[in-house]
Number of protein chains: 2
Amino acid sequence: MDAEAIKQSLEGSGLRCTPQRYAVMAFLMEHNRHPTAAEIFEAVNRADPRSSRATTYNNLRDLVQAGLVREVAVEGRAARFDVKGMRHHHFICDRCGEVEDMAWYDVPKPAKGSLGKRIVRECELIFRGLCTKCAPRRASG
Amino acid sequence: MDAEAIKQSLEGSGLRCTPQRYAVMAFLMEHNRHPTAAEIFEAVNRADPRSSRATTYNNLRDLVQAGLVREVAVEGRAARFDVKGMRHHHFICDRCGEVEDMAWYDVPKPAKGSLGKRIVRECELIFRGLCTKCAPRRASG
DNA sequence: TCAAGTATTTAGATTATATCTAATATGACA
DNA sequence: TGTCATATTAGATATAATCTAAATACTTGA
């Protein structure tokens with residue numbers, strides 16, 4: 001599909017467009033479910049070329065570092081991965097652990113504890129960055 | 001300190017107030033850092049009575065199920081645990097993985113990508129509950 | 001084209017995190 | 001006290017992720 005676009009975005013981030021890395025990226029874009037590393041590893045190995053588990057993890061780490069992919073931690077389950085496209089929120093199912101995207105503009109109008117057919121138990125803002133201990137000091141210190 | 005309060009809240013949730021379970025709860029309340037299961041295991045074992053790793057995990061699971069404690073998943077690191085007191089948000093440090101509480105009323109006024117001395121890289125709303133597949137169908141089905 | 005350097009991949013070992021098992025202990029209460 | 005459900009335990013096991021060191025594949029410069 002947008003093979004060239006994938007190549008562009010990889011190389012634009014200083015990553016070679018290797019077959020294995022391309023396969024990870026393509027799989028994530030094609031299925032915008034939120035697969036685990038293990039699912040991605042399996043999927044890319046159903047097609048050629050084969051990729052080892054280490055490579056799958058390496059590539060996911062590289063893609064996350066490059067800002068092309070987001071890792072979503074889920075309690076008690078394997079992390080899930082998500083191409084970073086439009087800004088969006090996440091919905092995580094208590095029972096199956098599935099992670100769903102929720103459009104940014106859909107979020108402000110939740111009605112009575114539900115969003116569509118979902119049942120929302122809790123909702124939490126998570127900030128990520130550097131804590132006061134880790135943030136670089138200003139020149140005054 | 002509020003030994004009686006801890007006992008009350010455990011028993012109010014149908015959990016026996018065993019020494020091991022009490023120790024987990026007391027540790028979480030005393031240090032409102034957000035320790036990992038391993039840290040809690042170590043800490044409660046520095047004091048008597050000794051508790052096994054399985055018990056620590058069992059108790060944490062029970063406390064989470066009872067709604068007394070919250071589990072916070074962190075990418076690439078062990079989960080962290082938090083007594084559920086006042087409603088609050090979380091800040092997760094990219095570098096050290098530390099989880100900090102952020103008062104509910106402090107959040108609406110972030111200034112220029114920072115909250116206090118923290119450096120905020122991203123912020124995301126996470127909804128948890130049952131997805132459309134897992135939510136029970138209405139009687140019409 | 002080749003040589004040399006860098007990035008990437010690989011299988012399998014290893015680590016880290018969490019859960020399971022089955023035996024034992026504890027507490028509630030009839 | 002006896003009985004039964006709940007809780008604890010050590011150690012084995014499962015699961016998730018990373019590391020290692022060697023091989024391979026690119027890239028660059030001549």
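Chain letters run A, B, ... following the sequence lines, proteins first, then strands; residues in each count from 1. A quick note: this is a predicted structure, and the numbers were derived from the prediction, not measured.
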Closer than 4.0 Å, any side-chain N/O of [X] to the OP1 or OP2 of [N]?
X: A:S52; N: C:dG12; answer: no
X: A:T55; N: C:dT8; answer: no
X: A:T18; N: C:dT9; answer: yes
X: A:R21; N: C:dT8; answer: yes

Could you tell me how far apart [X] ([atom1]) and [N] ([atom2]) are, to the nearest whole angstrom?
X: B:R80; N: C:dT17; atom1: CZ; atom2: C1'; value: 13 Å
X: B:R53; N: C:dT19; atom1: CZ; atom2: P; value: 11 Å
X: B:Y22; N: D:dT6; atom1: OH; atom2: C1'; value: 21 Å
X: B:E11; N: D:dA7; atom1: CD; atom2: C1'; value: 14 Å
X: A:Q20; N: C:dT10; atom1: CD; atom2: C1'; value: 10 Å
X: A:E71; N: D:dA16; atom1: CD; atom2: P; value: 13 Å
X: B:F41; N: D:dG11; atom1: CZ; atom2: C1'; value: 12 Å
X: B:N58; N: C:dA22; atom1: CG; atom2: C1'; value: 14 Å

Which one, [options], comes nearest to the side chain of [X]?
X: A:A79; options: D:dT9, D:dA17, D:dT27; value: D:dA17
X: B:Y57; options: D:dT18, C:dT19, D:dA10; value: C:dT19
X: A:A54; options: D:dA7, D:dT9, C:dA11; value: C:dA11
X: B:R16; options: D:dA7, D:dT8, C:dT8; value: D:dA7

* Can you tell me if B:R21 uses its side chain to pair, donor with acceptor, with the backbone of B:R16 under 3.5 Å? ->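 At least one qualifying donor-acceptor pair exists.
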* With sequence neighbours excluded, tell me which residues meet ring pair (Phe, Tyr, Trp, His ring centres under 6.0 Å) with B:H90. =>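 Testing B:H90 for ring pair (Phe, Tyr, Trp, His ring centres under 6.0 Å), a comparison that skips the adjacent residues, returns B:H34, B:H88.
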* **Comparing B:G14 and A:T36 on DNA chain D - which has the more 5′ nearest nucleotide** => B:G14
* With B:R128, the salt bridge (charged side-chain N to carboxylate O under 4.0 Å, His left out) member among A:E100, A:E122, A:E98 -> A:E122
* To do: Begin with the C-alpha distance, continue with both residues' side-chain angles, and end with the deciding distance and a verdict on side-chain contact (heavy atoms from CB on, under 4.5 Å) for A:V69 and A:V24.
  => CA-CA 10 Å; A:V69 166; A:V24 168; over 6 Å; no
* Determine the contact category for A:R77: base if any of its heavy atoms lies under 4.0 Å from a base atom, sugar-phosphate if only primed atoms, P, OP1 or OP2 are that close, otherwise nothing. => nothing
* How is A:R61 classified with respect to the nucleic acid when contacts are heavy atoms under 4.0 Å: base, sugar-phosphate, or nothing? -> nothing
* Residues forming a side-chain hydrogen bond (donor to acceptor under 3.5 Å, both in side chains) with A:N32, sequence neighbours excluded ->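 In terms of side-chain hydrogen bond (donor to acceptor under 3.5 Å, both in side chains), with neighbours along the sequence ignored, A:N32 is linked to no residue.
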